[in-house]
Amino acid sequence: LYREGATNVVVELNQALRSPAGKFNYILAEGDSLLVPEFENLVVISGDGHRTAQYGDRDTLSAPFVGNMRANRYVKQFALGFAQRADRDGLYVKYPNGKFSRTRNYGLFRIYPVVKVGGEIAVSLKPEKVKTRKEVKFDVNQAIGTVTAALTSLATIYVLLTR
């Protein structure tokens, strides 16, 4: 459903049919357009976070739909796996109804979204870390002062112990 002023309207057709008075049963307004896509038995994998994008000149590829498979398995099976700097936590799937689902991170493990027919998997790279050097300033006067204070303390302790 495309509505002027709204970029992405999520449509849940099954819920609209089950509950005619439900929140997903929209009333069409003037200027609305409804797109019913053809059945697409492919899943699109896009972005530069998979190895096919690194080795080839394309960052988008299509894979056959395999029922009940998670996004990470599609990337591993059809896109040569994740790139070294892939943003696995930022991976998301866009479904044909306009809905999005992203990776959930639970500390030690991740739960990747299940891909449905016509889904689009997007995986990008993490931003490159910029290494900065900390400037170390060596102050000669401070070093001489610290060494002198330490030597004076040691000399005082020696004099006190030998008396």
Side-chain angles (χ1 to χ4, degrees), residues 1-12 14-15 22-24 40 42-163:
L1 173 63
Y2 295 98
R3 180 167 285 171
E4 193 173 322
T7 55
N8 186 29
V9 180
V10 175
V11 176
E12 291 283 350
N14 289 336
Q15 289 185 20
K23 63 183 176 185
F24 287 103
E40 190 68 45
L42 295 174
V43 171
V44 175
I45 303 170
S46 66
D48 49 5
H50 55 86
R51 288 196 175 155
T52 303
Q54 289 182 321
Y55 298 129
D57 57 350
R58 297 177 299 152
D59 63 352
T60 302
L61 62 108
S62 296
F65 173 73
V66 179
N68 215 16
M69 196 158 89
R70 295 192 179 274
N72 60 323
R73 299 283 304 148
Y74 273 97
V75 173
K76 288 177 184 175
Q77 260 188 331
F78 299 107
L80 301 176
F82 287 101
Q84 187 173 359
R85 285 190 9 250
D87 184 7
R88 293 173 185 232
D89 292 336
L91 179 145
Y92 66 89
V93 176
K94 179 184 177 191
Y95 299 107
N97 66 354
K99 195 174 181 179
F100 288 86
S101 184
R102 61 181 292 268
T103 303
R104 289 172 289 179
N105 188 345
Y106 294 105
L108 297 175
F109 59 95
R110 296 179 185 97
I111 303 290
Y112 292 94
V114 174
V115 180
K116 297 178 183 172
V117 175
E120 297 178 29
I121 302 167
V123 59
S124 60
L125 293 175
K126 291 179 185 175
E128 224 173 297
K129 292 181 181 177
V130 179
K131 295 180 181 178
T132 59
R133 285 188 178 177
K134 290 185 179 180
E135 259 186 60
V136 178
K137 291 186 179 181
F138 183 73
D139 187 0
V140 175
N141 292 331
Q142 185 178 4
I144 291 171
T146 304
V147 169
T148 304
L151 289 174
T152 305
S153 297
L154 285 173
T156 304
I157 292 170
Y158 178 75
V159 168
L160 291 173
L161 289 175
T162 57
R163 280 196 168 185

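Scope of the values below: all heavy atoms of this structure, side chains included, with no hydrogens, waters or symmetry mates.
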Has Tyr2 got more than 12 heavy atoms of other residues, nucleotides or ligands less than 6.0 Å from its OH? no
side-chain contact (heavy atoms from CB on, under 4.5 Å) between Phe65 and Leu42: does it pass, once the steps are laid out? CA-CA 5 Å; Phe65 173 73; Leu42 295 174; over 6 Å; no
Which residues pass the side-chain hydrogen bond (donor to acceptor under 3.5 Å, both in side chains) test with Asn97, sequence neighbours left out? Glu12
Rounded to the nearest 0.5 angstrom, the CD1-CZ distance for Ile111 and Arg102 is 13.0 Å
To the nearest 0.5 angstrom, please state how far the CZ atom of Phe78 sits from the CD1 atom of Ile121. 9.5 Å
Rounded to the nearest 0.5 Å, what separates atom OG1 in Thr103 from atom CZ in Arg70? 10.0 Å
Verify, without hydrogens or angle tests, whether His50 (side chain) and Asp59 (backbone) share a donor-acceptor contact under 3.5 angstrom. yes
Atom pair CD1/OG1 of Ile157 and Thr152 - distance to nearest 0.5 Å: 11.0 Å
Rounded to the nearest 0.5 Å, what's the gap from CD on Gln77 to CG on Asn72? Could you check? 10.5 Å
Separation of Thr60 OG1 from Glu120 CD (nearest 0.5 Å): 9.0 Å
More than 12 heavy atoms of other groups within 6.0 Å of Asn68 CG: no
How close do Val66 and Tyr74 get, counting heavy atoms only, and between which atoms? N-OH, 2.7 Å
Could you check whether any side-chain N or O of Tyr112 sits under 3.5 Å from a backbone N or O of Met69, counting only pairs where one atom can act as donor and the other as acceptor? no
Any side-chain hydrogen bond (donor to acceptor under 3.5 Å, both in side chains) involving residues 81-96? Give me the pairs, sequence neighbours left out, ordered by first then second residue. Asp89-Asn105, Asp89-Arg110
With sequence neighbours left out, the residues meeting salt bridge (charged side-chain N to carboxylate O under 4.0 Å, His left out) with Lys116 are none
Nearest atoms (heavy-atom pairs only) where Ala53 meets Asp48: CB-CA, 3.8 Å
Pro113 and Ser101 have their tightest heavy-atom pair at CB-OG, 3.4 Å
Looking only at heavy atoms, the pair that brings Val10 and Gly98 closest together is CG2-O, 3.8 Å
State, to 0.1 Å, how close Val117 and Pro96 come at their nearest heavy-atom pair, and which atoms those are. O-CG, 3.2 Å
